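Not measured: the values here are computed from a predicted model. Every chain is numbered from 1, with letters handed out A, B, ... down the list of sequences.
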There are 2 protein chains.
Amino acid sequence: MEKSDLLKIVGKRVQELRISKGLTQVDLVGKIEGEIDTTNISRIESGRTNPTIFTLYRISKALDVSLIELLNFKTEI
Amino acid sequence: MEKSDLLKIVGKRVQELRISKGLTQVDLVGKIEGEIDTTNISRIESGRTNPTIFTLYRISKALDVSLIELLNFKTEI
DNA sequence: TCCATATTTGACATATTTGACAAGTCAAAT
DNA sequence: ATTTGACTTGTCAAATATGTCAAATATGGA
């Protein structure tokens, strides 16, 4: 699988979870430990950046799911 | 959870899978698509670096497991 | 429409991953 | 003791993730 396709899938999953929790990007940023910005959330959700595992971990915690759940895509990759 | 703890868990999981497949780091690098170096495998396995999701994905493919399986730790995180 | 909120995008600086190579460590075998 | 294999560690440069701010664009409601 292409890098860009992987990043799109990851991003869509983040967005899907965020919206299902009724959170805006601003809300999500407010719940994330440490520094982060809607800029980065936007870039991750749109697949424009290749996030590190720790960044994804922090996002998963803010979304009240485990990292494994965050990465549990519908598509098998 | 601390960043360093997360990275150690991820690294141990990579190492555990690699060894269970009877591969050396050199073997693994040989199976990974695209450029990579045993230096990075070593750093990831020891938790000294915070790999991107795409790097972990490439490693998972070389280990013949899905990304989700690679990140399926014993410890719930 | 207008207004407020939400998101995206660009520009820039900083931090860190990654790739590459060299050198070091360590254990095992001969 | 030397060699061999596996892994670690250091350094360097390049690419890129991240952080920050500002501006532009989209979205939805009154």
Query raised in the report: How about A:Leu63 and A:Ile59: do any of their side-chain heavy atoms sit closer than 4.5 Å?
Result: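 Contact flag for A:Leu63/A:Ile59 side chains = yes.
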Think [X] has a side-chain N or O under 4.0 angstrom from the OP1 or OP2 of [N]?
X	N	value
A:Thr49	D:dA17	yes
A:Asn40	D:dG19	yes
B:Ser46	D:dT8	no

Query raised in the report: For the pair made of CD1 in B:Ile32 and P in C:dT18, what is the distance, rounded to whole Å?
Result: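 Taking atom P of C:dT18 as the reference, CD1 of B:Ile32 is at 11 Å.
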Query raised in the report: In whole angstrom, what separates A:Gln15's CD from D:dA26's C1'?
Result: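 From A:Gln15 CD to D:dA26 C1': 13 Å.
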Query raised in the report: In terms of the nearest nucleotide of DNA chain D, which residue is placed more toward the 5' end: B:Val26 or B:Thr52?
Result: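 Nearest nucleotide further toward 5': that of B:Val26.
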Query raised in the report: Taking five pairs at each end of the helix from C:dT1-D:dA30 to C:dT30-D:dA1, what angle separates the two helix axes (nearest 10°)?
Result: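 End axes: 40° apart.
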Requested in this report: Name the closest nucleotide to the B:Gln25 side chain, picking from D:dC21, C:dA6, D:dT8.
Outcome: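 Of the candidates, D:dT8 comes closest.
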Base, sugar-phosphate or nothing for [X]? Non-hydrogen atoms, less than 4.0 Å.
X	answer
A:Asn50	sugar-phosphate
B:Ile41	nothing
B:Arg43	base

Query raised in the report: Is the NZ atom of A:Lys12 crowded by more than 12 outside heavy atoms at less than 6.0 Å?
Result: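 Result for NZ/A:Lys12: open.
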